[in-house]
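For reference, the structure is listed below as structure tokens.
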Amino acid sequence: MHRLSKRLYTTAANVATSSTSSASMTPLVIKNNRIFASVILSRAPQITRDSTPFERAYFDYKEKLERQQASSFPTEFYFKKGSLAERRWKDEENARRAAMTTDLPLSDVPKEEDPTTKAEKAARITEADRTKNVKSLDRALQRTLYLVIKDKEGWRFPQGQLDKQEYLHEAAERSLKEDCGPDMDTWLVGRQPISFFKQSSAKAEQDTGLKTFFLKARVFAGQAKPRNGMDFAWLTKEELAECLPSEYYNAVKNSLSEF
């Protein structure tokens with residue numbers, strides 16, 4: 001028990017120190033490979049996606065079938081005879097019956113709006129979509145967005161080298177704050193990596209390779225504020241394929257959501 005407490009204390013002290021001075025870190029090297037921890041930080045879809053033509057046809061068919069099998073509506077119980085509400089309901093019902101014999105979806109049947117119960121629908125296409133602002137979280141509301149940053153080496157997920165006294169998830173959380181700032185409310189989904197990327201050294205003077213382990217996380221609030229000289233973007237899976245190196249993207253693509 002004493003050893004465990006000492007281990008946790010040493011780890012916490014090392015994390016605090018490494019966040020302020022990278023020189024105090026002792027990089028972890030295993031089998032001639034430097035070990036990095038990376039975070040695949042995502043923003044979940046904010047609205048339901050648009051239905052496909054097949055899905056719309058199926059739901060319309062199902063609604064028409066249910067109307068055919070349903071018992072007749074007792075209008076005399078709910079509406080006063082000759083009232084405006086009764087006439088409005090009959091007009092709508094006649095339109096629905098006409099749609100039953102055509103290919104017109106029931107959802108497209110025109111309805112008279114009641115000004116007392118009118119509700120404004122929020123737009124599914126936002127200003128960030130129209131201006132193609134990839135730094136905004138208020139875009140591609142039907143899709144999952146992923147945070148990537150850009151430094152002199154190119155686009156990548158937030159990452160940092162693992163210290164000998166750190167666990168993988170500790171290094172991932174520390175690296176995310178170092179690369180993107182402390183102003184985001186995030187949740188690390190688990191402590192086990194969901195993918196990894198192995199890269200051999202491309203420079204003759206370097207005798208070590210690189211192994212990057214990716215951990216999954218979600219963002220709830222806030223925005224990324226990378227260090228000076230770094231850029232960032234919130235991208236969909238298709239957009240990631242265009243900006244990330246092909247080998248790097250292929251290592252993580254199966255861990256990314258299609259929507």
Side-chain angles (χ1 to χ4, degrees), residues 38-60 63 103-159 176-189 194 214 216-246 248-259:
S38 182
V39 180
I40 300 180
L41 183 65
S42 64
R43 186 224 66 188
Q46 304 297 294
I47 59 177
T48 56
R49 64 177 177 82
D50 293 331
S51 301
T52 64
F54 174 80
E55 289 172 335
R56 290 194 295 269
Y58 169 77
F59 288 120
D60 183 64
E63 184 177 0
D103 294 333
L104 179 68
L106 289 178
S107 57
D108 292 345
V109 173
K111 298 181 181 179
E112 184 177 350
E113 293 184 350
D114 186 353
T116 62
T117 59
K118 184 178 180 181
E120 294 290 340
K121 292 183 180 180
R124 298 176 70 84
I125 303 298
T126 66
E127 183 64 24
D129 288 318
R130 288 188 285 270
T131 59
K132 298 181 180 181
N133 182 9
V134 295
K135 289 182 171 58
S136 174
L137 281 164
D138 190 26
R139 66 179 291 266
L141 299 181
Q142 302 179 41
R143 303 295 306 278
T144 299
L145 295 181
Y146 298 94
L147 176 64
V148 288
I149 59 177
K150 184 180 182 181
D151 56 14
K152 60 182 180 180
E153 300 295 333
W155 289 100
R156 61 173 173 82
F157 293 108
Q159 69 179 35
L176 179 62
K177 290 184 179 180
E178 289 178 353
D179 279 349
C180 303
D183 296 335
M184 289 189 296
D185 180 12
T186 61
W187 170 54
L188 202 64
V189 176
I194 59 175
F214 299 92
K216 184 178 181 180
R218 292 285 180 87
V219 61
F220 297 120
Q223 179 58 286
K225 294 181 180 179
R227 295 172 294 180
N228 293 336
M230 298 179 65
D231 196 7
F232 76 98
W234 291 94
L235 305 178
T236 63
K237 184 176 181 178
E238 292 78 10
E239 293 169 338
L240 288 177
E242 296 177 0
C243 77
L244 295 177
S246 58
Y248 186 86
Y249 173 75
N250 289 334
V252 300
K253 66 178 182 179
N254 293 332
S255 302
L256 306 178
S257 172
E258 296 293 337
F259 298 101

Closest contact, heavy atoms only, I40 versus F214:
CD1-CB, 3.8 Å
Of all heavy-atom pairs between A128 and R139, which one has the smallest distance, and what is that distance?
CB-CB, 3.9 Å
Charged N to carboxylate O under 4.0 angstrom, D151 versus R156?
yes
Quick one: do L240 and W155 satisfy side-chain contact (heavy atoms from CB on, under 4.5 Å)? Show the steps, please.
CA-CA 9 Å; L240 288 177; W155 289 100; over 6 Å; no
Distance col, row M184:CE vs L176:CG, nearest 0.5 angstrom, shows 4.5 Å
Determine whether a donor-acceptor pair (N or O, by modelled atom type, separation under 3.5 Å) exists between the side chain of D185 and the backbone of G222.
no
Less than 4.0 Å between a side-chain N and a carboxylate O, is that true for E239 and R143?
no
For residues 248-259, which residue pairs qualify under side chain to side chain donor-acceptor pair (under 3.5 Å), counting only residues two or more places apart or in two chains?
K237-E258
For atom CZ of F220, is the number of surrounding heavy atoms from other residues, nucleotides or ligands below 6.0 Å larger than 12?
yes
Do other residues, nucleotides or ligands put more than 12 heavy atoms under 6.0 Å from K135 NZ?
yes
Kindly say whether F259 contributes a backbone atom to a donor-acceptor pair with the side chain of T144 at under 3.5 angstrom?
yes
Once rounded to the nearest 0.5 Å, what's the spacing between atom CG of D183 and atom NZ of K225?
4.0 Å
Straight-line distance of R49 CZ to R124 CZ, nearest 0.5 Å:
10.5 Å
Heavy-atom pair with the smallest gap, counting every atom of A217 and L188
CB-CD1, 3.9 Å
Approximate separation, where rounding is to 0.5 Å, of R43 CZ and D138 CG:
8.0 Å
Would W234 and V219 satisfy side-chain contact (heavy atoms from CB on, under 4.5 Å), going step by step from the backbone distance to the final call?
CA-CA 11 Å; W234 291 94; V219 61; 3.7 Å; yes
When rounded to the nearest 0.5 angstrom, what distance separates CG in L244 from CG in L235?
8.0 Å
Any side-chain heavy-atom pair from V189 and R218 closer than 4.5 angstrom?
yes
Residues in side chain to side chain donor-acceptor pair (under 3.5 Å) contact with T126, at least two apart in sequence or another chain
D129
Spacing of L145 atom CG and Q46 atom CD [to the nearest 0.5 Å]:
8.5 Å
Identify the heavy atoms of S38 and P158 that sit nearest to each other, and give their distance.
OG-O, 2.9 Å
